[in-house]
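Structure, as C-alpha cells:
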Number of protein chains: 2
Amino acid sequence: MRISTRGEYGVRAMLDLALHSAEEPVPLSAIAARQDISEHYLEQLISALRKAGLVVSFRGAQGGYQLAKPPEEITISEIIRTLEGPIAPMHCVEGAHADCHHVELCATRMLWQKLQASMEEVLSKTTLAWLKDEAKKILATAAIQR
Amino acid sequence: MRISTRGEYGVRAMLDLALHSAEEPVPLSAIAARQDISEHYLEQLISALRKAGLVVSFRGAQGGYQLAKPPEEITISEIIRTLEGPIAPMHCVEGAHADCHHVELCATRMLWQKLQASMEEVLSKTTLAWLKDEAKKILATAAIQR
DNA sequence: ACAATTCCGACCAAATTCCTCGGAATTGGT
DNA sequence: ACCAATTCCGAGGAATTTGGTCGGAATTGT
C-alpha cells in the first residue's frame with residue numbers, strides 16, 4: 001500500500017522544478033543533487049514525465065527541464081499516474097473492468113471503489129502550486145527561527 | 001499503489017466468514033474453495049488474522065474458523081493493517097517519523113499525510129457488517145433477475 | 001571544436017510477492 | 001483406541017517488481 005520511489009522522487013523532482021525552473025531550464029544534475037536522487041534513475045522518471053507532457057526539455061549545453069504548464073495546472077494525480085500507473089488500489093477498479101466472478105467479490109469491489117475515489121479526490125485536488133506554497137511557507141518560518 | 005493479494009484475499013476470507021460462520025466454524029478448505037484461493041496460502045493469511053485477534057480457530061475434526069467479534073466491530077482497516085502493514089502511502093508518514101531532510105520533502109510529507117488520512121477514513125469507517133449487507137443485496141437482486 | 005546536456009536501450013541485483021511443501025499437533029466421531 | 005479432519009508451523013522457492021547502473025549516441029550553446 002505504498003507509493004514507490006518512482007512516485008516519491010517524481011513529485012519531489014516536479015516540486016524542485018516548480019521552485020527553480022521559472023526563468024531558465026534546470027539540468028537534471030541540479031535536481032538530482034538538490035533532491036539527493038541518483039541521476040541515472042531520475043533520468044528514467046523525467047523521461048516518462050516528458051512523454052506525458054508534464055515537463056519540457058531543452059537539449060544541449062545550457063539545456064535542462066521546465067514545467068510544461070503553470071504549477072496551478074499540474075496535479076499530483078497526473079504525476080503519480082504517469083510514474084506509477086493507474087491510481088487503483090485493486091485491478092478490478094482499474095478502468096472498465098467488470099470481471100467479478102463471485103458475488104462477495106462484487107461487494108468488495110464497492111469498497112475498493114470508495115477507497116479509490118477518496119485517493120483520487122486528494123491527489124487530483126492538490127496541485128504543484130499548493131506544494132510550492134507549502135514549501136515556501138516552511139522555508140520562511142525556518143528563516144525566522146534561524 | 002495497489003493492495004496486494006494478501007489484503008484482497010484477507011478481506012474476501014473475512015467476508016466469507018461473516019456470511020457463513022455464524023453457526024458453526026468454517027474450515028479453511030471451504031473458504032478457499034468458495035473464494036478460489038490457494039489453501040496453503042490462505043492458511044498463512046488467516047494465521048495472521050488469528051494472531052491479530054480478528055478470528056478464532058477450533059482445531060481438530062469439525063474445527064475451523066469464526067469471526068472473533070461481531071462484524072459490526074471489525075473494520076477493513078484492521079484487516080488490511082494486519083495483512084499489509086501500516087496504512088501509509090509513504091514511510092515518512094508511518095508512525096512517528098519526522099526525518100525530513102529537505103525543506104521540499106517536508107512539503108510533500110503534508111501531501112502524503114492528507115492522502116493517508118483519506119485512506120484511513122474510508123477503511124476504518126467501513127465494517128465487515130457493511131460488506132455483508134452489500135453482498136446480501138447483490139445476492140437478492142441476482143435472485144430476482146433469474 | 002568542445003563541453004554540457006538530453007535521449008535511449010540494455011542490463012542487473014535485491015527485495016518483495018505469492019505462493020508450495022511436509023509434517024507435527026489437536027480433536028471429534030466410531 | 002483409532003482414524004479422519006482439521007489447525008498450526010517453519011522452511012523453501014519461483015516469478016515479479018523495484019530501484020537502480022552503464023555506455024554511448026544525438027543535440028546545442030559558446
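Chain naming here is simple, since letters A, B, ... match the order of the sequence lines and numbering starts at 1 in each.
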Confirm from the modelled atom types if B/Gln44 and C/dT20 form a donor-acceptor pair under 3.5 Å, side chain to base only.
yes

Does B/Arg59 contact C/dT26 through a side-chain donor or acceptor facing the base, at a distance under 3.5 Å?
no

Gap between atoms [atom1] and [atom2], on [X] and [N] respectively (whole Å):
X: A/Arg6; N: D/dT16; atom1: CZ; atom2: P; answer: 18 Å
X: B/Phe58; N: C/dT26; atom1: CZ; atom2: C1'; answer: 14 Å
X: A/Ile46; N: D/dG20; atom1: CD1; atom2: P; answer: 16 Å
X: B/Asp36; N: C/dC19; atom1: CG; atom2: C1'; answer: 14 Å
X: A/Leu83; N: D/dT17; atom1: CG; atom2: P; answer: 17 Å
X: B/Tyr41; N: D/dG10; atom1: OH; atom2: P; answer: 18 Å
X: B/Glu43; N: C/dA24; atom1: CD; atom2: C1'; answer: 12 Å
X: B/Glu39; N: C/dC18; atom1: CD; atom2: C1'; answer: 16 Å

May I ask you to say what B/Leu28 touches in the nucleic acid, namely base, sugar-phosphate or nothing, with a heavy-atom cut-off under 4.0 Å?
sugar-phosphate

Give one of base, sugar-phosphate or nothing for B/Ser47, where a contact means two heavy atoms less than 4.0 Å apart.
nothing

Report yes if some heavy atom in the side chain of B/Met119 is under 4.5 Å from a heavy atom in the side chain of B/Ile80; otherwise report no.
no

Side chains of B/Thr127 and B/Lys132: closer than 4.5 Å at any heavy-atom pair?
no

Given [options], the nucleotide with the shortest approach to the side chain of [X]:
X: A/Ser4; options: D/dT6, C/dT6, D/dT18; value: D/dT18
X: A/Gln62; options: D/dG20, D/dC9, D/dG29; value: D/dG29
X: A/Tyr65; options: C/dT6, C/dC19, C/dT20; value: C/dT6

Qualifying residue for salt bridge (Lys or Arg N to Asp or Glu O under 4.0 Å) with A/Glu120, from A/Lys114, A/Arg81, A/Lys125:
A/Arg81

Answer yes or no: does a side-chain N or O of [X] lie under 4.0 Å from OP1 or OP2 of [N]?
X: B/Ser38; N: C/dT20; answer: yes
X: B/Ser29; N: D/dA5; answer: no
X: A/Arg50; N: C/dC8; answer: yes

Keeping the roles fixed (side chain from A/Arg109, backbone from A/Cys92), state whether a donor-acceptor pair exists under 3.5 Å.
yes

If only atom types and distance count, is the side chain of A/Arg12 paired as donor or acceptor with the main-chain N or O of A/Gln35 below 3.5 Å?
yes

Taking CD in A/Glu24 as the centre, count heavy atoms belonging to other residues, nucleotides or ligands within less than 6.0 Å. Is the count above 12?
no

Both A/Gly60 and B/Glu84 contact DNA chain C. Which one's nearest nucleotide lies toward the 5' end?
A/Gly60

Mapping A/Gly63 and A/Met1 onto DNA chain C by nearest heavy atom, which one lands closer to the 5' end?
A/Gly63

A/Ala61 vs A/His40, nearer the 5' end of DNA chain D by closest nucleotide:
A/His40

